[in-house]
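In what follows, a single structure is set out as structure tokens and then discussed.
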Amino acid sequence: MQPFTQRVIEIIKTIPAGFVMTYGQIAEQVGSRRGARQVVRILHSLSGIHNLPWHRVVNAKGEIAMRDEEVRYMQIHYLNGEGVKTSGDGRVDLDKYRYNAVRAGED
DNA sequence: AGTGTGACTTGGG
DNA sequence: ACCCAAGCCACAC
């Protein structure tokens, strides 16, 4: 496993239930400010084989980014189960649920 | 070493 | 708020 990939995995593992992070945030946390798409690729390659809370990752608009309707539905289901309210369009309120790892550690 | 991938992000209209 | 175009970067082949 490559270091970058390993760090992304670690970051995602730190997202607490009831919160979400964006691809961009995760990329930033691992030191690659423009690496959002790498996070995407990694999640694809992992395909859930790890015990990752992949459903807590959304895009910068707070949208459920999944393309497969089936998996998309599952993600929304998981989030709802953790108390994250989703709009009819499958969006979450980032102002409410966005998890800031840095600030969480400092506060 | 070059090319393709991808569940993104940002800026402008 | 929505749509579009361009930029991004680590990884696999």
Side-chain angles (χ1 to χ4, degrees):
Chain A
M1 183 101 47
Q2 300 305 107
F4 180 89
T5 301
Q6 187 64 54
R7 283 201 291 278
V8 168
I9 292 172
E10 293 305 315
I11 292 294
I12 295 178
K13 279 183 176 176
T14 69
I15 309 176
F19 288 88
V20 299
M21 279 185 83
T22 69
Y23 299 91
Q25 273 186 288
I26 294 169
E28 197 167 29
Q29 290 293 309
V30 303
S32 181
R33 192 169 67 82
R34 304 292 167 198
R37 315 196 67 181
Q38 283 55 262
V39 177
V40 168
R41 236 183 60 78
I42 289 168
L43 258 43
H44 263 267
S45 80
L46 293 181
S47 265
I49 61 176
H50 285 253
N51 220 20
L52 289 183
W54 55 271
H55 55 278
R56 300 186 189 136
V57 184
V58 299
N59 70 20
K61 300 173 196 161
E63 297 170 326
I64 303 302
M66 313 302 308
R67 293 190 168 173
D68 298 309
E69 286 303 318
E70 224 172 302
V71 186
R72 177 190 176 84
Y73 177 83
M74 183 163 50
Q75 179 169 10
I76 293 174
H77 179 78
Y78 280 137
L79 289 176
N80 285 337
E82 295 179 349
V84 177
K85 303 287 175 25
T86 61
S87 72
D89 294 345
R91 287 197 191 177
V92 305
D93 186 344
L94 281 181
D95 289 335
K96 273 189 176 181
Y97 303 114
R98 191 188 51 183
Y99 175 61
N100 297 332
V102 178
R103 285 174 62 176
E106 292 175 353
D107 289 350

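Lettering of chains follows the sequences in order, A, B, ..., and the numbering in each one begins at 1.
- At least one donor-acceptor pair closer than 3.5 Å links the side chain of A/Gln75 to the backbone N or O of A/Val57.
- Atom CD1 in A/Ile26 sits roughly 15 Å away from atom P in B/dA7 (whole-Å rounding).
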Output one line per pair: protein atom, nucleotide atom from nucleotides 10-13 of chain C, and distance, for all N/O pairs under 3.5 Å.
unit_1: C/dC11; atom_1: O4'; unit_2: A/Arg41; atom_2: NH2; d: 3.2
unit_1: C/dC11; atom_1: O3'; unit_2: A/Arg41; atom_2: NH2; d: 3.4

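- For the salt bridge (Lys or Arg N to Asp or Glu O under 4.0 Å) test, no residue two or more places apart in sequence or in another chain qualifies with A/Arg34.
- The nearest heavy atom of DNA chain B to A/Leu43 and to A/Arg33 marks one nucleotide each, and the one closer to the 5' end goes with A/Leu43.
- Under the 4.5 Å side-chain heavy-atom criterion for Ile, Leu, Val, Met, Phe, Trp and Tyr, A/Tyr73 and A/Leu79 are members of distinct hydrophobic clusters.
- An OP1 or OP2 oxygen of C/dC8 is reached within less than 4.0 angstrom by no side-chain nitrogen or oxygen of A/Arg37.
- Computed from coordinates, the A/Leu46 CG to B/dT5 P distance equals 20 Å when rounded to whole Å.
- Among residues two or more places apart in sequence or in another chain, the side chain to side chain contact (heavy atoms under 4.5 Å, CB included) test is passed with A/Ala60 by none.
- Taken together through direct or relayed side-chain contacts under 4.5 Å among Ile, Leu, Val, Met, Phe, Trp and Tyr, A/Ile9 and A/Val40 form part of one hydrophobic cluster.
- For B/dG6, the OP1/OP2 oxygens have no side-chain nitrogen or oxygen of A/His44 closer than 4.0 Å.
- Each of A/Arg34 and A/Tyr23 was matched to the nucleotide of DNA chain B holding its nearest heavy atom; the match closer to the 5' end belongs to A/Tyr23.
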Polar atom pairs between nucleotides 1-4 of chain C and protein, under 3.5 Å, N or O only, would you list them?
unit_1: C/dC2; atom_1: OP2; unit_2: A/Arg91; atom_2: NH2; d: 3.2

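- Among residues two or more places apart in sequence or in another chain, the salt bridge (Lys or Arg N to Asp or Glu O under 4.0 Å) test is passed with A/Arg41 by none.
- In this structure, A/Phe4 and A/Ser32 approach most closely via the heavy-atom pair CE1-CB, 3.6 Å.
- Remark: P of B/dA7 and CG of A/Leu52 are 17 Å apart, rounded to the nearest angstrom.
- Rounded to whole Å, the distance from CG on A/Asn59 to P on B/dC8 is 6 Å.
- Whole-Å rounding puts the A/Gln25 CD to B/dT10 C1' distance at 15 Å.
- Looking at A/Val58 and A/Glu63, their side chains never come closer than 4.5 Å, going by heavy atoms from C-beta outward.
- In this pair, A/Tyr78 and A/Trp54 present their aromatic rings perpendicular. The plane angle is above 60°, beyond the 30 to 60° band.
- When rounded to the nearest whole Å, the span between CD1 of A/Ile76 and P of B/dA7 equals 17 Å.
- Heavy atoms of A/Ser45 sit nowhere under 4.0 angstrom from any nucleic acid atom.
- Between A/Glu82 and A/His55, some side-chain heavy-atom pair lies under the 4.5 Å cut-off.
- Between the side chains of A/Gln25 and A/Gln29, not a single donor N or O lies within less than 3.5 Å of an accepting N or O.
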All N/O contacts under 3.5 Å from nucleotides 11-13 of chain B to the protein, with atom names and distances to one decimal?
none

